[in-house]
Amino acid sequence: MTGSAPGELWWRGGVCYQVYVRSFADSDGDGVGDLPGVTARLPYLVSLGVDAVWLTPFYPSPMADGGYDVADYRGVDPAFGTLADFDALVADAHRLGLRVVCDLVPNHTSDRHPWFREALAAPPGSPARRRYVFRPVDDHDPDRPPNDWRSAFGGSAWRRVPSPDGWPDEWYLHLFSPEQPDLNWDNPQLRAEFRKIVRCWLDRGVDGLCIDMAHALFKHPDMVDAGAGQHIEFRRNHLMPFFDQPGVHGLYRQWRTMVDAVPGERALIGEVCLFDADRQARYVRPDELHQAFTFELLECDWFAPALRDTIGRTLEAYRRVGARPAWVLNSHDATRTVTRYGSGGGGPRAARARAAALLMLALPGAAYVYQGEELGLPQVDLPDEALRDPIWERSGRTVRGRDGSRVPIPWTADGETYAFSPDGADPPWLPQPDGWGAWSVQRQTADPASTLALYRAAIRLRRKVGENIGAAELTWWDAGPDVVAFRRGDGFGCAVNTGGGAVPLTGVGRVLLASVPAEPAGGALLLPPDAAVWFIPA
Ligand code: NOJ
């Protein structure tokens with residue numbers, strides 16, 4: 001249940017806090033969060049009780065996709081600080097007992113990366129072009145791209161570019177925006193280059209690397225059409241000829257050997273979104289990645305039978321390969337739980353999001369908490385002119401995109417930016433809505449019934465309980481169709497009511513924590529709708 005269980009490796013059962021660097025804390029007043037801002041707020045993460053912090057990309061980038069368009073894999077973008085700032089962050093985190101995980105974006109570079117500039121300046125078939133996925137233009141039909149693949153952000157996944165010196169035009173592949181050309185992982189030189197990049201961050205002291213689009217690196221050798229059913233929302237794009245090709249597994253075996261040879265418990269974490277628990281689990285076989293995000297919970301409706309089914313299938317698939325899930329409820333790509341669940345009640349104490357948190361934190365495996373989730377932040381409905389996500393323009397302004405989950409954090413109840421930036425700073429890169437201070441860390445720290453107080457208590461308790469039950473598997477407990485209930489060993493139980501009415505729960509000894517006030521009376525505990533409880537079974 002927790003990284004502190006005896007003999008447990010930190011990544012197997014720990015809680016990792018995702019920092020979206022641009023929106024966490026701005027130290028220099030340019031309206032953009034930065035690494036020194038994160039360092040200054042590390043004590044907050046310690047007070048939350050998490051084991052690790054994952055930083056989204058801070059590398060030099062033109063920011064066509066929030067930094068997931070990397071122009072230099074070894075540096076820090078000036079907007080986020082310097083390499084010295086990064087080293088200071090890692091040193092401070094380690095002093096405070098926190099692990100540090102960085103993003104690695106190997107599926108694509110920025111179109112400003114020197115490799116891509118070199119490729120555009122070189123003729124078709126050249127080594128520089130072979131770093132990427134270029135294909136010839138068909139003379140008979142020069143406007144028809146090589147296949148029907150769609151960009152996850154809308155439109156074709158191919159862009160036609162001129163070649164130098166009178167050579168014919170070529171197409172290049174971009175599964176995301178045109179500013180993110182896909183790399184060619186069939187190229188051994190590219191693989192060698194990335195081994196050095198991985199090594200460089202391990203040498204700088206990072207505890208883990210989170211591999212962006214880990215299932216997408218290799219493409220079908222014949223580049224066959226994907227057919228109908230491709231979805232603009234990249235999270236649902238599964239079992240496509242550009243995903244889950246066999247080559248990835250060999251690559252991760254090699255990386256695993258390399259990473260395990262480095263002292264310290266370093267981890268390779270995959271952003272694998274396949275929505276097929278068995279295929280997903282193949283990425284975390286004992287000689288592959290240490291961990292892969294488990295997005296199943298994030299995609300599941302607030303409906304007990306679906307939750308039980310999802311959790312059961314996922315645990316079983318991971319168990320078969322000897323691994324454990326890394327549950328995720330929120331991320332910088334998803335609508336926040338408070339809004340997604342329609343969250344019974346709304347406001348800083350939205351009921352369903354609180355109950356879901358207790359569910360996730362009670363499950364076997366690791367858990368990821370996305371910044372602001374612990375504050376119960378809702379998705380923000382931003383004005384059109386504020387939107388920065390490439391999805392907005394690429395979809396012809398029909399899909400608003402992900403900015404609403406990336407609004408800068410409110411630290412204090414008042415002040416120009418609620419202390420996201422120092423006073424007198426430039427406006428935050430995404431506007432904070434009026435009244436954002438009601439969700440602030442300051443306000444919630446003073447309120448024992450706040451969502452922040454619930455997360456703090458849950459993470460602390462998870463560690464304590466974990467010392468007793470360790471990695472105990474889950475045993476379902478029948479508490480009626482509307483309730484997701486289970487035990488972990490003899491010493492811990494969790495029940496979540498997704499139904500519309502209160503449900504009596506029997507067999508509850510002592511309540512450890514509840515998302516709403518709940519105490520047993522007359523031998524049963526009445527669990528309100530949209531509520532969760534942790535307990536010691538009678
Ligand atoms: C997944 C990241 O989480 C997302 O933000 C990004 O747009 C894509 N990968 C492309 O790198």
Side-chain angles (χ1 to χ4, degrees), residues 16 18-24 33 54-71 73 77 101-113 116 132-133 149-155 157 173-183 185 194 209-217 219 231-238 240 242-244 248 269-275 280 283 292-295 298-299 326 328-336 368-371 373 379 387-395 399-407 429-430:
C16 185
Q18 182 193 349
V19 166
Y20 192 72
V21 179
R22 283 173 110 184
S23 304
F24 192 61
W54 158 33
L55 306 169
T56 51
F58 49 76
Y59 313 111
S61 165
M63 300 287 158
D65 180 22
Y68 282 93
D69 47 323
V70 178
Y73 285 105
D77 194 281
V101 174
C102 293
D103 236 294
L104 180 75
V105 190
N107 182 66
H108 41 263
T109 66
S110 159
D111 62 348
R112 310 280 176 83
H113 193 291
F116 195 67
Y132 292 89
V133 185
W149 296 2
R150 311 281 300 164
S151 152
F153 294 159
L173 177 71
H174 58 89
L175 288 185
F176 292 90
S177 74
E179 294 82 11
Q180 294 165 290
D182 276 54
L183 286 163
W185 278 86
F194 261 91
L209 286 168
C210 177
I211 306 164
D212 182 64
M213 298 305 292
H215 55 302
L217 272 44
K219 315 305 191 261
H231 199 286
I232 189 168
E233 258 183 76
F234 59 88
R235 291 212 167 283
R236 292 183 189 277
N237 254 333
H238 54 115
M240 291 288 157
F242 37 81
F243 285 166
D244 200 28
V248 283
I269 301 151
E271 189 211 27
V272 182
C273 356
L274 292 171
F275 303 104
Q280 182 94 6
Y283 286 73
F293 291 147
T294 310
F295 290 116
L298 186 153
E299 292 288 329
V328 180
L329 276 175
N330 288 278
S331 84
H332 64 294
D333 293 328
T335 302
R336 286 187 178 277
Y368 279 74
V369 173
Y370 172 52
Q371 69 180 41
E373 171 182 337
Q379 192 77 359
L387 297 177
R388 295 281 178 278
D389 188 337
I391 291 179
W392 174 237
E393 292 297 341
R394 293 276 303 168
S395 68
V399 182
R400 301 189 74 71
R402 302 159 292 174
D403 293 315
S405 64
R406 301 173 176 180
V407 173
W429 73 280
L430 284 177

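Only this structure's heavy atoms are used, side chains among them; waters, hydrogens and symmetry mates stay out. For ligands, and for the atoms within them, numbers begin at 1 and follow the listed sequence.
- Here is the list of ligand 1 atoms found below 4.0 Å of a heavy atom in Arg406: 5 (O).
- Remark: ligand 1 atoms within the under-4.0 Å shell around heavy atoms of Asp333 are 1 (C), 2 (C), 3 (O), 4 (C), 5 (O).
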side-chain hydrogen bond (donor to acceptor under 3.5 Å, both in side chains) between Asp69 and Ser61, worked out: CA-CA 6 Å; Asp69 47 323; Ser61 165; 3.0 Å; yes
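- Between Tyr132 and Thr109 the shortest heavy-atom distance is OH-OG1, 2.8 Å.
- When each atom of ligand 1 is checked for a heavy atom of Met213 under 4.0 Å away, the hits are 9 (N).
- Residue contacts with ligand 1 do not include Gln18, since none of its heavy atoms lies under 4.0 Å from the ligand.
- When all heavy atoms of Tyr73 and Val105 are compared, the closest pair comes out as OH-O, 2.8 Å.
- The Phe176 neighbourhood of ligand 1 comprises atoms 8 (C), 10 (C), with distances under 4.0 Å to a heavy atom of that residue.
- In summary, the atoms of ligand 1 found under 4.0 Å from a heavy atom of His108, numbered by their order in the structure, are 10 (C), 11 (O).
- Within ligand 1, the atoms closer than 4.0 Å to a non-hydrogen atom of Arg402 are 4 (C), 5 (O), 6 (C), 7 (O), numbered from 1 in the order shown.
- When non-hydrogen atoms are compared, ligand 1 lies under 4.0 Å from the side chain of Phe153 (C-beta onward) but not from its backbone.
- Minimum interatomic distance between Ala64 and Glu179 (heavy atoms only, all atoms of both residues): CB-CB, 3.6 Å.
- Of all heavy-atom pairs between Pro57 and Gly67, the closest is CB-O, 3.3 Å.
- Ring pair His332/Tyr370 is tilted by interplanar angle, where 30° to 60° counts as tilted.
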